[in-house]
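What follows is a single structure, written as structure tokens, with notes after it.
We use all heavy atoms of the structure for the numbers below, so side chains are in, but hydrogens, waters and symmetry mates are not. What you are looking at is a predicted structure, and each value in this text was computed from that prediction instead of being measured. Reminder, nothing fancy here: chain letters follow the sequence lines and each chain counts from 1.
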Amino acid sequence: MANLPILQFEEKIVETVEKNPVVVIIGETGSGKSTQLSQILHRRGYTKSGVIAVTQPRRVAAVSVARRVAQELDVNLGEDVGYAIRFEDRTSSKTRIKYLTDGVLLRESLSNPMLDDYSVIILDEAHERSLNTDILLGLMKRLVRIRSSNFKVLITSATLDGEKVSEFFSGCPVLNVPGKLYPVEILYSKERPGSYIESSLKVAIDIHVREPEGDILIFMTGQDDIEKLVSKLEEKVRSLAEGSCMDAIIYPLHGSLPPEMQVRVFSPPPPNCRRFIVATNIAETSLTVDGVVYVIDSGYVKQRQYNPSSGMYSLDVIQISKVQANQRAGRAGRTRPGKCYRLYPFAVFRDDFLDATVPEIQRTSLAGSVLYLKSLDLPDIDILKFDFLDAPSSESLEDALKQLYLIDAIDGNGAITSIGRTMSELPLEPSLSRTLIEANENGCLSQALTVVAMLSAESNLLPVRSKPNEKKRKHDESNLPDGSGFGDHIQLLQIFECWDRNNYDTEWCKQNGMQVRGMVFVKDVRRQLCQIMQKISKDRLEVGARGRNSSSRDDYRKLRKALCVGNANQVAERMLRHNGYRTLSFKPQLMQVHPSSVLSTDNEGMLPNYVVYHELISTTRPFMRNVCVIEMSWVAPIKRKIEKLNVRKLSGGPANSFKEPEEKTELSKNNNNAETTPPAVSENVESRIEAARERFLARKGQK
DNA sequence: GAGCACTGC
């Protein structure tokens, strides 16, 4: 700890924080910023007037960093130093330094918008640009303006992004804290390889044969590529003459591996053995593998993006950004000098790669975030001109408003409704929280809680796909309920009820190919939602899935009706002559039911006329994932609402709520004149949105 | 008859 680089900058940091409400800290990997910044300010008395909060984008980071700081200060975790993540609040009235996920801080700000428990808020890892951190950046900008001048905000970022964040905060000071990485030699390819699997294979074997010991980390885009490369590597390594080089052991590493397979990379390798770790970008930030000396970087990543005009997600392989490339290279220099082999030429890195990754706020549906901001009721903040570091497109904001309108969260003028207020209390995407509220009116809340909890965890539930497992899984799956012809939501309900009847037995999960951890998560989510709904619930809520009984067809019908209301923006109508569907509320497009669905055809081979879907995802074709059968009579009111829809009105709002965005230079000096800013000219707003939209399109065009 | 990168309340 004593030799952490950041400690040499203690005086400078304290002095700068003293004089400025906002400071940006550029701290490279190994600088100790996550553990030391809070302690420095604690030493200097900043915890006398309040708690120091440090946000993290990931749960594990919040927990492990808090644990580390408690150790260094020699206090019990949960007392002077604590953490708060979903389902787990380890803080007390004694807590002075609190680590928490950015999502938890957003929740707290819902009940206490001034966040006045905190004297200092540190947004750590802001360069990752998570949706939550981006919203917090906007809220912090407002907060330093309206709270007293001894409230401090620190933002840590990456080299390439620091100036931009500083500009956002009226040119606040930027401090550089060097990291403690060993030098990493970067080697570029002469040209882009035809196949980065083959190219990685060749480079990896070259390293293995020629270079001294040290593990090799290879960045691939997804499970498929990883499995292919792993088997090729195994074959090649076997074919090397025995004794010609050291032993090798090859690990795949990606998110859908069961946890016990993931942690294998943390146990030390056998002696005289080189490890090959073939990973997705899970190894870029989330998991740190010790012993890596060589990195092979394909230059690609698989990324999910949302298209607001079609309401569809797609998963695309795209080029990484410079920040990502540097992060990957840094993985080679953690224990000693390393080498990074980039499978692309320097010119591609310099000219083609974006400086930073497109922030999440520009690639996801914003319905939840827009509802969140509306529920804050900030008199001086209007969602359409909320001050974002990078603004989302107006198209994306309009899509969010449209979605919210169709599920009654906002009215025709864009104002939040009482339903919308209740929805914002629930830690769920809007379609799911609306479903719960309707189910409560409907008398099927218990069932809806189950389905909604299952959907929140869905990707963690299904067994891993792997060739030898396939047969076994098919066989096992036939033992699971089938949704009784009503689709996937009902099946999810039936599965949970089955597990409930089996006393939440983990063996039952294993026998049926369900992921134990995923199902336990569902139980936790359901319990949490239960507690929140208890306050507004009409019925008494049994904690179990209807007292160990199965739901009836009547329950299913009520539930499907609630799902229809909650997913009013995601209704699909079947084509007359075939089993393709089209959406009602987005521009017309043909979609299919995902082949993994349990939805079945009738005697004539036709699928139901109307369904709602949970998600629209384009892979080889557009697919609806998780569909539920609904009745035609339920669709009529939705159709009427869509016809009446006027997006301009939704985004207009009352004219007097518009205010000129404050002058940037005023931030640090004038803390108390928030109310004196003149009303904005709407042209100004529109031109800002238009400019943001053009920036967005330009970026998309570069791709 | 297709396939899912990674987080989080």
Side-chain angles (χ1 to χ4, degrees), chain A residues 55-62 84-89 100-111 125 128-136 219-227 253-257 262 279-287 298 300-305 313-318 320 324 327 357 359-360 363-364 368-369 371-372 375 423-430 432-433 452-453 456-467 470 473-474 521 524-525 528-529 531-532 579 592-597 599 601 615 617-626:
Chain A
T55 68
Q56 294 290 328
R58 277 172 297 280
R59 296 161 54 98
V60 277
I85 59 175
R86 190 180 190 178
F87 306 131
E88 208 183 342
D89 183 351
L100 69 179
T101 49
D102 46 18
V104 169
L105 188 60
L106 278 181
R107 284 280 139 198
E108 287 186 1
S109 139
L110 211 49
S111 49
E125 315 289 0
E128 289 189 26
R129 305 295 305 276
S130 77
L131 177 60
N132 290 339
T133 298
D134 266 19
I135 292 174
L136 282 172
F219 283 101
M220 289 279 113
T221 59
Q223 188 179 347
D224 260 2
D225 289 352
I226 288 173
E227 281 168 9
L253 183 62
H254 53 83
S256 42
L257 278 181
Q262 283 186 19
T280 59
N281 58 334
I282 195 171
E284 206 176 276
T285 48
S286 303
L287 298 181
S298 62
Y300 290 99
V301 67
K302 203 180 277 186
Q303 202 169 262
R304 196 173 132 110
Q305 12 232 356
Y313 280 95
S314 60
L315 211 52
D316 307 315
V317 172
I318 60 161
I320 59 173
Q324 273 179 299
Q327 175 73 20
T357 313
E360 190 183 359
R363 350 178 225 109
T364 193
S369 303
L371 181 62
Y372 172 85
S375 76
M423 286 168 60
S424 63
E425 306 253 326
L426 291 154
L428 290 169
E429 51 187 289
L432 298 182
S433 47
V452 159
S456 324
E458 220 260 330
S459 58
N460 303 340
L461 295 179
L462 296 176
V464 270
R465 166 183 62 99
S466 67
K467 289 280 145 54
E470 202 98 79
R473 197 179 117 202
K474 275 230 165 79
F521 178 77
D524 284 343
V525 173
Q528 186 192 28
L529 297 175
Q531 280 166 8
I532 299 170
N579 280 332
Q592 310 283 325
V593 174
H594 197 275
S596 66
S597 173
L599 196 70
T601 53
E615 183 180 60
I617 177 127
S618 173
T619 50
T620 50
R621 277 180 291 169
F623 287 110
M624 299 180 285
R625 282 188 64 234
N626 287 312

Sorted by chain and residue number, the salt bridge (Lys or Arg N to Asp or Glu O under 4.0 Å) partners of A:Glu615 (sequence neighbours excluded) come out as A:Arg304, A:Arg625

From CD1 of A:Ile282 across to P of B:dG8 the rounded distance in Å is 10 Å

Side-chain atoms of A:Thr101 come closest, of B:dA5, B:dC6, B:dC9, to B:dC9

Checking B:dG8, B:dG3, B:dA5 against the side chain of A:Arg59 (C-beta onward), the nearest is B:dG8

With no hydrogens and no angle check, is any side-chain donor or acceptor of A:Thr133 less than 3.5 Å from a backbone partner on A:Arg129? no

From the candidates B:dA5, B:dA2, B:dC9, the one with an atom nearest any side-chain atom of A:Thr280 is B:dA5

Q. NA contact type, A:Ser130, heavy-atom cut-off 4.0 Å: base, sugar-phosphate, or nothing?
A. nothing

Worksheet entry | Sub-4.5 Å side-chain heavy-atom contact between A:Gln262 and A:Leu253 | yes

**Asked** What is the nucleic acid contact for A:Arg58, judged by heavy atoms within less than 4.0 Å: base, sugar-phosphate only, or nothing?
**Response** sugar-phosphate

The residue, A:Leu287 or A:Glu615, whose nearest nucleotide of DNA chain B is more 5′ is A:Glu615

Which of B:dC9, B:dG3, B:dA5 is nearest the side chain of A:Val104? It is B:dC9

Atom CG of A:Asp102 and atom P of B:dC6 are separated, to the nearest Å, by 18 Å

A:Arg621 has its side chain closest, among B:dA5, B:dA2, B:dT7, to B:dA2

Between CG of A:Asp316 and C1' of B:dC6 the distance, given in whole Å, is 15 Å

Testing B:dC9, B:dT7, B:dA5 for proximity to the side chain of A:Arg86, the answer is B:dC9

In whole angstroms, the gap separating C1' of B:dG8 from CG of A:Asp524 amounts to 15 Å

Inset, instruction - Tell me what A:Val301 touches on the nucleic acid: a base, only sugar-phosphate, or nothing, going by heavy atoms under 4.0 Å. - result: nothing

Side-chain atoms of A:Asn281 come closest, of B:dC9, B:dA5, B:dG1, to B:dA5

- Task: Could you tell me whether the side chains of A:Ser130 and A:Asn132 share a donor-acceptor contact shorter than 3.5 Å?
- Result: no

Would you confirm whether A:Thr280, through its side chain, and A:Ile282, through its main-chain N or O, come within 3.5 Å as a donor-acceptor pair? yes

Between CE of A:Met423 and P of B:dC9 the distance, given in whole Å, is 20 Å

Looking only at B:dG3, B:dC9, B:dC6, the nucleotide nearest the A:Thr619 side chain is B:dG3

A:Ile85 CD1 to B:dC9 P, in whole Å, measures 7 Å

Among B:dA5, B:dG3, B:dC9, the one nearest any side-chain atom of A:Thr620 is B:dG3

Whole-Å distance, A:Glu360 CD to B:dC9 P, equals 13 Å

By nearest-heavy-atom nucleotide on DNA chain B, the more 5' of A:Pro595 and A:Gly103 is A:Pro595

Those residues at least two apart in sequence (or on a different chain) that pass side chain to side chain donor-acceptor pair (under 3.5 Å) with A:Arg58 are A:Glu128

Atom CG of A:Leu100 and atom C1' of B:dG8 are separated, to the nearest Å, by 12 Å

A:Phe623 has its side chain closest, among B:dG3, B:dC9, B:dT7, to B:dG3

Quiz item: When we call it a touch if two heavy atoms are under 4.0 Å apart, what does A:Ile617 touch: a base, just sugar-phosphate, or nothing?
Solution: nothing

